[in-house]
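Note that ligands are numbered from 1 as they come in the structure, with each ligand's atoms numbered from 1 the same way. Here the structure is a predicted model, which is why all the values come from computation and not from measurement.
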Amino acid sequence: MLTNKTALVTGSTSGIGLAIARIFAANGANVVINGFGEADAIEKERSGIESEFGVTCHHSGADMTKPDEIAAMMADAEKAFGGVDILVNNAGIQHVSPVEDFPVAKWDAIIAINLSSAFHTTRAAVPGMKKKGWGRIINTASAHALVASPFKSAYVAAKHGIAGFTKTIALEVAQSGVTVNAICPGYVWTPLVEAQIPDTMKARGMTEDEVKRDVLLAAQPTKEFVTVDQVAALALYLAGDQASAITGAMLQMDGGWVAQ
Ligand code: NAD
């Protein structure tokens, strides 16, 4: 389905981004993965994608807070693959704090990684997509692109920002064969979420099931986590030709969260 296409997924050494990179590779795309982690583990993942799916996979360690590193990553992809056909802006971090105590450096990092990096990648990718008359930009937003929660001011601001950015670029490229959409997941079961459970069990004197249902999934009516594979399947659909009429959309995958 994606043979002869190149997908670049920011923040794809773990969690949702890795699942998206893997499903694109499984469908024949060459992929550029990006993100931090232990060098051996990243190399194992990169070479594993190549051998499992018979595609070429590069890793870029570009820091999404650094515009010059992002530019270099995009230029490397251009040189190696002749451009990026499918761009997934997925890298993201979180910090939870009342606004009066919110560390300035955390605010700046969240806005840079969760919002501004998408501007830097998109501005580099769009000319090539327009030239080819085909492209897909998929932004991993969040339910927090549509509704707020207290103590997550930077994250909610960045995710609402990415919603506006998605719609704006969708309009700019609407007649170029390029679609721009955002996936808005609720709580997704990733290592990041899993790691919070033991501490919360201890702090609140709860069982694992109680923590999942009453704390983590308090806002999610299904009381089920979204899985990374479900998010990846939606990204794959958006990358396909069947989805060419979907653009500027905020696609919720949140177990009913924002319906409330
Ligand atoms: P994760 O922590 O598993 O993965 C984050 C990835 O981003 C990692 O590969 C990490 O190395 C990379 N990264 C972090 N800082 C970076 C930087 N400065 N430069 C480059 N890469 C960097 O997280 P995840 O849960 O898979 O989240 C991925 C995206 O999905 C984020 O944008 C997040 O906001 C969004 N999201 C997650 C959930 C959830 O419940 N997990 C829900 C909604 C939206």
Got a sec, which pairs hit ring-ring contact (aromatic ring centres under 6.0 Å, His included) with one end in residues 72-113, sequence neighbours left out?
-> H58-F81, H95-F102
Is a side-chain donor-acceptor pair under 3.5 Å present for T207 with D209?
-> no
When you compare the side chain of [Y] with that of [X], does any pair of heavy atoms fall below 4.5 Å?
| X | Y | result |
| --- | --- | --- |
| T140 | V88 | yes |
| V231 | M253 | yes |
| C57 | I33 | yes |

Neighbouring residues of ligand 1, heavy-atom cut-off under 4.0 Å | G11, S12, T13, S14, G15, I16, N34, G35, F36, A62, D63, M64, N90, A91, G92, I93, I113, T140, A141, S142, Y155, K159, P185, G186, Y187, V188, T190, L192
Candidates I49, V228, V31 - the one meeting side-chain contact (heavy atoms from CB on, under 4.5 Å) with R22 | I49
